[in-house]
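These numbers come from the heavy atoms of this one structure, side chains and all, not from hydrogens, waters or symmetry mates.
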Amino acid sequence: MELEEEEILEPVSPTGHYFTSSVLSVSNLAVLETEIPFDESQTMSLVQNVFLPISPRFSSIMVENNGKKRWKRVEVKLEDHVNIPIFPPSLSPEAYDKYLDDYISKLAVERLSPEKPLWEFHIIKYPTSNAAGNVIIKLHHALGDGFSLMSALLSCLQRADDPRLPLTFPSRQRSQPKSESLVTKVCSSVFNTLSDFWWGISNSTMDEDDLTPIRSGKGIEFQPIAVSTMTFSLDQIKLIKSKLGVTINDVLTGMIFLGTRLYMQEIDKSSRKARGTAVVLLNTRMMGDYTSIQEMIKPNSKMPWGNHFTFLHVPIPNLFLPEDDHPHEYSNIALEFVSNAQKIISTKRNSLAIYLTSRFLEILNKFGGHEAAAKYIRSTLKNSSMVISNLIGPVEQMALGNHRIRGLYFLVLGSPEGLDVTIVSYMGKVRVAFKMEKGLIDPQKFKSCMENAFEMILKASDAKNN
């Protein structure tokens, strides 16, 4: 039942229009792994009293008038949003791993109904290899970007050791750029801005990546997916970072690029030099720690709620390994991948192309409408080989109610690219999740190549300092 007319809220943002268009319907999936089986009797109370009050959008649907969408408050029927699937009893954790993966793949195929608020909770009561239970939260991207939705998620959680204390987060320090003269900086910025902006438009509209073992070229928006996750020690990554003089993101990006090329070479040797591009998603807010929803929705907030992101195109470096040699022997190759990641991303971050991209979408929206901008975003993603996004999680262990969270990861669903890489840090660990086109990419082999890439980089960084 709908509420009174005065409950109409703010207009849906342009990005909200893009993500609910005829060509895009994108959602985020957060998976919380619990140390004990989740007590389903607490579910409705937690959703009603903790989750819904976080944002009015969680109790709203989109209504359209003269082509413009607005958020409108409605009565929420919790039973329509909370799902507790039944799996066969008394199976092994490894067997339940498969059931969980299949269930997530099923969620990827299903669109969230526009007739009700755009979120769902799924309670998995069965033990997997990683946890005694899983809580899956599916949130439509129109509700907000990853930063907003992470803030919303953290608003539901507490510090496990002392709920009265706030959660804390790792430092967001970036490496210091090399000192340059003002003239050099200005000339470099102008050149990089123009070249990066044009290259991005070209990639989004005309130049598709090659078809390779990681890219079929088909849009897989609502096709079955395969999911694989890996966990790395944040201390080990920091050690590599310090030895190589780069950032944590540089290490992770170098590993992802190297692991991807190793996989491509193993499947098809010719593809190690194929054209490949990664779309890296960036938050455009002033960087800082997550803040309360109350702060985010204030006028002129420095960390506003909503969708505030842009993307940059990063070429995946080619792999030059002799075909008859083992990749573990090539420590210089591993260092080159990290170095290339550092140089490319640093250069592109310091150009204004990422802001011009946002302005270009605004122009498309103004003159071509929401559908034109949405088609451009879809083309950007579909023409690329992978999408990479990352979030920073808390240092301390969290709890949902009295359920301690052992681990977490997130996925992006409903986008056309065949390979997504999402990264989140938590409790001294870094969790990397891969969403892959089912039937195209072999999850186990891909994961093995990523493990090889990390070991290569770790050993190379040790050798460099000995």
Side-chain angles (χ1 to χ4, degrees), residues 18-19 21-26 108 192 194-226 253 256-282 309-320 340-341 344-345 347-348 351 353-354 356-358 360-361 363-364 368 371-389 412-422 434-442 446:
Y18 309 155
F19 286 145
S21 66
S22 64
V23 296
L24 278 179
S25 181
V26 184
N192 290 332
L194 294 175
S195 62
D196 290 346
F197 181 58
W198 171 249
W199 192 65
I201 290 180
S202 176
N203 273 269
S204 296
T205 56
M206 298 177 289
D207 299 327
E208 291 190 35
D209 281 359
D210 293 335
L211 302 184
T212 65
I214 65 167
R215 182 176 184 271
S216 69
K218 300 182 294 184
I220 66 159
E221 284 89 334
F222 295 98
Q223 300 297 319
I225 61 169
T253 306
I256 291 165
F257 286 168
L258 177 56
T260 299
R261 284 294 187 186
L262 289 174
Y263 175 82
M264 293 167 68
Q265 176 183 258
E266 190 164 331
I267 302 300
D268 178 4
K269 290 181 179 178
S270 65
S271 69
R272 65 183 180 177
K273 299 178 184 178
R275 172 194 169 97
T277 308
V279 173
V280 179
L281 302 184
L282 299 174
F309 71 92
T310 186
F311 46 82
L312 57 83
H313 292 83
V314 179
I316 303 172
N318 291 336
L319 180 63
F320 296 98
N340 284 339
I344 295 169
I345 294 177
T347 298
K348 290 180 177 292
S351 83
I354 56 177
L356 289 181
T357 299
S358 296
F360 182 69
L361 284 174
I363 293 171
L364 277 179
E371 290 289 322
K375 287 178 181 177
Y376 180 81
I377 294 173
R378 182 183 184 275
S379 178
T380 297
L381 301 175
K382 182 177 177 293
N383 288 359
S384 303
S385 296
M386 69 167 71
V387 171
I388 302 174
S389 58
V412 179
L413 306 178
S415 51
E417 70 280 356
L419 175 60
D420 263 14
V421 185
T422 51
F434 306 99
K435 184 200 79 176
M436 299 170 259
E437 181 176 344
K438 198 165 190 175
L440 175 67
I441 302 175
D442 181 330
F446 192 82

Salt bridge (charged side-chain N to carboxylate O under 4.0 Å, His left out) with R215: which residues, sequence neighbours excluded? E208
Which atom names give the shortest non-hydrogen contact between L361 and I377, and what distance separates them? CD2-CG1, 3.9 Å
Are D442 and M436 close enough, and set up right, to give a side chain to side chain contact (heavy atoms under 4.5 Å, CB included), and what steps lead you there? CA-CA 9 Å; D442 181 330; M436 299 170 259; over 6 Å; no
Using side-chain heavy atoms (C-beta onward) and a distance below 4.5 Å, is S384 in contact with H313? yes
Taking side chain as C-beta onward, heavy atoms only, is K218 less than 4.5 Å from Q223? no
Quick check against the 3.5 Å criterion: does R261 have a side-chain atom that pairs as donor or acceptor with the backbone of P317? yes
Dump the intermediate steps for side chain to side chain contact (heavy atoms under 4.5 Å, CB included) on T212 and D268, then the final yes or no. CA-CA 8 Å; T212 65; D268 178 4; over 6 Å; no
Should S415 and K435 count as side-chain neighbours, where that means a heavy-atom distance under 4.5 Å? yes
Looking at side-chain heavy atoms only, is the closest gap between N383 and T277 below 4.5 Å? no
Do F434 and I441 make a side-chain contact, defined as non-hydrogen atoms from C-beta onward lying under 4.5 Å apart? no
Within the 4.5 Å heavy-atom criterion, are E437 and L419 side-chain neighbours or not? no
So does K375 have more than 12 non-hydrogen atoms from other groups sitting under 6.0 Å from NZ? no
Any chance you could lay out the side chain to side chain contact (heavy atoms under 4.5 Å, CB included) test for I225 and L413, step after step, and finish with the verdict? CA-CA 9 Å; I225 61 169; L413 306 178; 3.9 Å; yes
Side chains of L319 and L262: does their closest heavy-atom pair fall under 4.5 Å? yes
When rounded to the nearest 0.5 Å, the distance separating CD1 of I267 from CG of L440 is 9.5 Å
Using modelled atom types and a 3.5 Å cut-off, is there a donor and acceptor pairing between side-chain atoms of S271 and backbone atoms of M264? yes
Side chains of T260 and M386 in contact at under 4.5 Å (non-hydrogen atoms): yes
Compute whether any side-chain donor of one residue and acceptor of the other, for E371 and S22, lie under 3.5 angstrom apart. yes
Contacts of N340 that satisfy side chain to side chain donor-acceptor pair (under 3.5 Å) - sequence neighbours left out: none
